[in-house]
Engineer: 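Sending over a structure as structure tokens; questions will come in a sec.
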Amino acid sequence: MVITKGQSDRRLPIWAAVFAFALLTALLMIFVGWRAQGFVTNTNDPYYFGAMGRSLAHGDGFEKYGLLLKRRSPLYPAMIGGIYFIAGDNSPIVQIVQAFMFAGTALLAFEIGRRLFNQRTGVIAAAICAIHPAMLRYVPDLHLEVLFTFLVTLTVWRSVRFYEQPSVRNGATFGISTGLAALTKAVILLYPVLFLALWAWQRRQKDDSQPSPGSIWTAVIATVGLMAFTISPWTIRNYSVTGHFVPITTGLSDAFLRGYIFSKPQYALLQRPPYTDGENESNAWFKEICARQGAVWEANDLETDRLLNQAAKEKLVSDPVAFVKKFSTGIFTFWYQMTSKTNSIIAGVPAALAWLFAIAGWRRALAENRPAWIIFLPILYLNILLAALLALGRYSVPILPTLIVMSAFGIETLWPQTVGAKPVDEQPPELQS
């Protein structure tokens, strides 16, 4: 898309306002809201990412945290470690960096909405992101959700750019962003393959008579190749310390089995706190599985993973109905199951409203022949994948900005039109058929 100087001049203040507003809400959450709230425990390092960062900053590496980091991925603790190395242990600069990433996520939501739909949709999406409680909650805390949300939203934006122009450059940046997201949390790893498959099918449906030019396939290869290149240093590291090919981390069977516990009615209906009672019940089950084989749970990452893989296969084969129940429940718990009933309501109600408006936006997108599938594909990918594994409310946070973009288009549909206003159905030339 070619942007003239006049267009650029008009758009820059909107970009600045979007970023500044989101940065302001994030900073207020760090310095005011986090101390005042009583909804969640502000222990600041519940999953030891800060401790891992300190270990890296002091030159001790990840040795204390398992060969494969016990289901964790390396990028988030590495980011913290880099900041601690420069600014000192427990530096609040980590939270400031996360505030800027939060503002960057809102800016990306604006850009996705503007490109796929129109500028007003982008502004609405960015404004909602900037005040969304489930997204703001993680800014002051040492959770990977802020980084992962930023990188997933960046990946969606790069997929939009690839759709607009399937060039080597856009394919490479799409692959790199996905690789970085996967190094934060491995569940996103297969998403580009799914996107490219659906994109290629749609492209063939639109114009089946002409073969794709070589440059198209070069762009596809660039996407997959650069993603693999981005994660390769960690894959090589894993092979050097384990002797096994582990692209990023193990732990699928761990999550798969935990899903049976967290989807029980007492946890799914929030009769008992899932993040304490459910977690303890899962850990006790895993200790029992390992003890039956004469092993100690988590004493050795590869041994634990092997035993849990075996248990997961046996569970799936012996009781497929239980898996169907778990999966069906996980489709919904993905959007609300948090640490308490109050927190789950705070997360679940906005998600339900977002889906209502997103459906309205989807219907309009179909009528106007807009590629709404680019929005829904990553949402459904994570929702379905994690429903099959372990579907907790905080796992939906990384995909909330994408859902919000589609819901913003639904809200924009209801927005009153002003005389002489720019047509709301205008879209970038590269998205016009």
Side-chain angles (χ1 to χ4, degrees), residues 3 7-37 39-40 92-141 143 145-158 160 177 346-347 349-351 353-354 357-358 361 375 394 396-416 418 421-422 424 426 428:
I3 299 175
Q7 288 176 312
S8 178
D9 290 343
R10 288 195 299 273
R11 187 169 298 139
L12 281 175
I14 298 177
W15 280 60
V18 162
F19 187 87
F21 178 60
L23 182 61
L24 175 63
T25 61
L27 293 175
L28 287 173
M29 185 63 181
I30 292 171
F31 295 110
V32 180
W34 188 240
R35 296 184 177 92
Q37 62 84 33
F39 295 105
V40 297
I93 293 178
V94 172
Q95 284 77 14
I96 304 300
V97 169
Q98 292 187 163
F100 276 87
M101 287 192 292
F102 176 86
T105 299
L107 194 57
L108 289 170
F110 165 78
E111 180 66 4
I112 294 168
R114 182 187 71 83
R115 285 187 171 274
L116 285 182
F117 304 115
N118 54 64
Q119 185 167 275
R120 190 156 64 180
T121 294
V123 171
I124 295 170
I128 295 173
C129 286
I131 62 173
H132 198 290
M135 293 175 60
L136 280 168
R137 176 261 178 269
Y138 294 102
V139 176
D141 211 352
H143 282 268
E145 269 69 26
V146 174
L147 175 60
F148 192 47
T149 301
F150 172 75
L151 291 173
V152 168
T153 312
L154 178 65
T155 295
V156 175
W157 177 53
R158 296 317 304 174
V160 172
S177 63
I346 292 174
V349 170
L353 291 174
F357 285 111
I375 294 291
R394 80 171 189 270
S396 66
V397 171
I399 211 64
L400 282 179
T402 309
L403 176 63
I404 287 170
V405 169
M406 182 56 74
S407 66
F409 190 49
I411 294 171
E412 199 271 344
T413 301
L414 306 176
W415 205 276
T418 57
K422 190 176 182 179
V424 297
E426 182 179 331

Engineer: Return the minimal non-hydrogen interatomic distance between Q95 and V139, and the atom names on each side.
Structural biologist: CG-O, 4.1 Å
Engineer: Considering non-hydrogen atoms only, spot the tightest contact between F409 and G361 and give its length.
Structural biologist: CD2-O, 3.4 Å
Engineer: Using every non-hydrogen atom in the two residues, find where F150 and M101 come nearest and quote the distance to one decimal.
Structural biologist: CD1-O, 3.6 Å
Engineer: Which atom pair, heavy atoms only, marks the closest approach of P401 to T105?
Structural biologist: CG-CG2, 3.6 Å
Engineer: Parallel, tilted or perpendicular: which describes the rings of F100 and F19, with under 30° parallel and over 60° perpendicular?
Structural biologist: tilted
Engineer: If I compare all heavy atoms of M29 with all of L136, which pair ends up nearest, and what's the gap?
Structural biologist: CG-O, 3.5 Å
Engineer: Tell me, please, which residues at least two apart from R158 pass salt bridge (charged side-chain N to carboxylate O under 4.0 Å, His left out).
Structural biologist: none
Engineer: Can you confirm whether Y138 is buried at OH, in the sense that more than 12 heavy atoms of other residues, nucleotides or ligands lie under 6.0 Å from that atom?
Structural biologist: yes
Engineer: Considering non-hydrogen atoms only, spot the tightest contact between I30 and R35 and give its length.
Structural biologist: O-NH1, 3.7 Å
Engineer: May I have the list of side-chain donor-acceptor pairs in residues 121-132 shorter than 3.5 Å, sequence neighbours left out?
Structural biologist:
from, atom 1, to, atom 2, distance (Å)
T121, OG1, N118, OD1, 3.0
H132, ND1, A134, N, 3.2

Engineer: Apply side chain to side chain donor-acceptor pair (under 3.5 Å) to T402 and list each qualifying residue two or more places apart in sequence or on a separate chain.
Structural biologist: none
Engineer: Roughly how far, to the nearest 0.5 Å, is CG of L23 from CZ of F102?
Structural biologist: 9.5 Å
Engineer: Measure the CE-CD distance between M135 and E145 for me, rounded to the nearest 0.5 Å.
Structural biologist: 11.5 Å
